[in-house]
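One structure below.
The basis for the numbers below is simple: all heavy atoms, side chains too, and nothing from hydrogens, waters or symmetry mates.
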Amino acid sequence: MNKGKIILTIVIAAFIAAAALFYFSNRPSKLNNERALHEIFGSIEAAEIDVNVKVPGKVAEIAVEEGDFIREGEKIAIFEAENIKAKVKQAEAVYEAAVSKNRQAKVAYDAQSKQSEAVVKQAESALNAAKSQLKKVKGGARPQQLAQAALLVEQAKNGYEYAKISYERIEQLAKENLVAQQKIDGAKTEMEVAKAKYETAMEQYNLVKEGAQQEDIDSASAVVGQAQAALAVANAAKLQVDLRKQDIEASKAQMEQAKGAVEEAKSYLNDSTVTAPVSGVISMRSVDKGELVSTGMPIVTITNLKDIWLNIKVSENEISQFNYGEFVNVKINGLNGKIYKGKVTYIAAKPSYAVEKATPEKGSVDIVYFGVKIKLINEDLKLKPGMTGSITIERE
């Protein structure tokens with residue numbers, strides 16, 4: 001091939017290349033109108049719980065090492081608690097004494113209450129009897145008693161009249177010397193006896209008819225007054241029963257206070273054994289056996305692998321693609337790209353300080369980023385804090 005043909009070929013090739021470059025540079029790009037996949041990376045974080053002590057003391061036993069998996073409720077450490085055990089026994093003794101005092105107060109209350117009730121009833125009964133007697137004395141004799149007394153008077157009167165007639169007849173016969181003197185004397189005696197009976201019956205009738213004398217009324221009134229005084233004393237004694245009841249309430253309050261002291265001492269004793277509040281991995285152990293630990297000092301840190309999430313930063317151009325509560329797939333690079341289910345649980349209301357500055361390629365305005373948390377379902381417990389995870393979204 002001669003030199004002219006070579007030059008012509010080069011010129012034609014250059015022209016074709018320039019035309020192609022002009023065509024493709026001015027043709028609308030298909031990629032600009034399609035959506036491309038964009039991967040957002042973030043770091044996995046987990047909840048960490050510092051396990052503190054409530055009771056200061058010396059570590060008697062430490063049951064875990066860093067890296068151990070521990071379940072909720074399992075033992076972490078035991079602290080020496082001889083002084084607490086002594087306080088528990090002391091509190092229990094005080095409580096038993098309070099229970100005994102409360103029991104004695106109840107027995108005394110029951111005994112005095114029954115005695116007081118019996119005395120009051122007895123006094124009330126005596127007062128009622130005295131009032132009844134006074135009423136009877138003031139009311140005088142009943143019609144039946146008055147009628148009976150009148151009947152006795154009538155009988156005694158008839159007896160006297162009969163004896164008097166018999167005597168007068170015998171006395172007439174004696175004047176005629178028809179009867180002996182002895183018979184006259186007997187008749188006279190019978191008449192005098194009958195007369196005495198008649199007079200006695202009349203006196204009794206008059207007494208019944210006139211009623212009781214004033215001294216009898218005064219005497220009955222005095223008995224009523226004594227019975228009222230006795231009832232007042234019995235009622236006053238009931239105040240002692242109320243005091244016994246107050247003793248019961250006071251001893252009950254002391255018993256409850258002592259019971260609270262026992263429960264408090266036992267709670268301190270229980271706190272001497274530290275257990276795991278959640279299941280997780282011991283990520284840090286701060287004490288060893290024999291160390292003195294003060295109140296509030298953390299002895300271990302537990303990383304809760306059940307409460308784990310992916311923390312990412314999303315630009316303002318992409319944040320609209322995230323919705324609270326939706327589920328997404330999270331790829332874990334450290335586990336050969338294994339996919340875990342995650343749930344969007346947090347979208348920041350304000351942007352973070354991660355700002356992408358404006359450049360000629362990115363535009364004339366700054367781009368801010370929002371924090372997003374995705375709660376992960378870590379059933380196999382293989383996810384660890386610090387691992388890298390990513391999600392894939394579509395981008396213009």
Side-chain angles (χ1 to χ4, degrees), residues 42-95 257-312 330 332-335 338 340 342-343 345-346 352 371 373-389:
S43 177
I44 291 179
E45 300 177 5
E48 292 186 343
I49 298 96
D50 289 333
V51 180
N52 303 324
V53 294
K54 297 180 181 179
V55 180
K58 182 185 291 185
V59 179
E61 178 186 348
I62 186 77
V64 295
E65 299 288 344
E66 291 184 357
D68 289 349
F69 179 81
I70 190 169
R71 298 188 182 278
E72 181 179 349
E74 289 183 346
K75 180 176 64 177
I76 294 176
I78 298 177
F79 289 79
E80 294 180 357
E82 296 302 323
N83 58 332
I84 302 177
K85 292 178 181 179
K87 289 182 179 180
V88 170
K89 291 183 179 180
Q90 182 181 3
E92 288 177 340
V94 173
Y95 174 70
Q257 184 178 6
K259 184 179 180 181
V262 171
E263 292 175 352
E264 182 181 9
K266 286 185 176 180
S267 69
Y268 288 143
L269 184 61
N270 293 334
D271 291 338
S272 65
T273 299
V274 182
T275 58
V278 295
S279 299
V281 175
I282 304 296
S283 55
M284 184 179 68
R285 197 187 83 177
S286 306
V287 298
D288 292 314
K289 181 178 179 180
E291 287 190 35
L292 290 174
V293 180
S294 60
T295 303
M297 176 179 175
I299 57 174
V300 297
T301 300
I302 299 176
T303 300
N304 185 3
L305 298 181
K306 289 289 186 179
D307 189 6
I308 199 165
W309 62 88
L310 176 68
N311 197 3
I312 60 176
V330 178
I332 306 300
N333 296 341
L335 298 177
K338 184 176 180 180
Y340 283 80
K343 182 180 179 181
T345 58
Y346 172 78
S352 66
K373 288 184 180 180
I374 301 172
K375 181 72 178 291
L376 297 173
I377 302 174
N378 190 21
E379 292 181 350
D380 55 6
L381 301 180
K382 290 185 178 181
L383 295 177
K384 309 293 183 183
M387 284 184 171
T388 300

(message) The test is side chain to side chain contact (heavy atoms under 4.5 Å, CB included); show your working for Asn333 and Met387 and say whether it passes.
(response) CA-CA 8 Å; Asn333 296 341; Met387 284 184 171; over 6 Å; no

(request) Could you go through the side chain to side chain contact (heavy atoms under 4.5 Å, CB included) check for Ile332 and Ile44 one step at a time? (result) CA-CA 9 Å; Ile332 306 300; Ile44 291 179; 3.6 Å; yes

(message) Less than 4.5 Å apart, side chain to side chain, heavy atoms only: is that true for Ile70 and Val300?
(response) no

(request) Locate the shortest heavy-atom distance separating Gly290 from Lys58; write the atom from each residue and the value. (result) O-CG, 3.4 Å

(message) Check whether Asn304 reaches the backbone of Ile308 with its side chain - one donor and one acceptor, N or O, closer than 3.5 Å.
(response) no

(message) I'd like to know whether Asp380 forms a side chain to side chain contact (heavy atoms under 4.5 Å, CB included) with Tyr340, so could you lay out the CA-CA distance, the side-chain angles of the two residues, the decisive distance to 0.1 Å, and finally the verdict.
(response) CA-CA 10 Å; Asp380 55 6; Tyr340 283 80; 2.8 Å; yes

(request) For Asn378 and Leu305, indicate whether the former's side chain and the latter's backbone hold a donor-acceptor pair under 3.5 Å. (result) yes

(message) Please check: side-chain N/O of Ser294 versus main-chain N/O of Pro56, any donor-acceptor pairing under 3.5 Å?
(response) no

(request) Find the distance between CD1 (Ile312) and OG (Ser43) and round it off to the nearest 0.5 Å. (result) 11.5 Å

(message) Would you compute the distance between atom OG1 of Thr301 and atom CG of Asp50 and round it to the nearest 0.5 angstrom?
(response) 4.0 Å

(request) Over all heavy atoms of both residues, which pair between Glu66 and Ser283 is shortest? Give the atoms and the distance, please. (result) CD-O, 4.3 Å

(request) Indicate the atoms forming the closest heavy-atom contact of Phe69 with Leu381, along with that distance. (result) CE1-CD1, 3.8 Å

(request) Give the minimum heavy-atom separation between Glu45 and Asn311, together with the two atoms involved. (result) OE2-ND2, 3.3 Å

(request) Take Thr345 and Trp309 through the side chain to side chain contact (heavy atoms under 4.5 Å, CB included) test and state the conclusion after the steps. (result) CA-CA 9 Å; Thr345 58; Trp309 62 88; 5.7 Å; no

(message) Distance check, rounded to the nearest 0.5 Å: Lys75 atom NZ versus Thr275 atom OG1?
(response) 11.0 Å

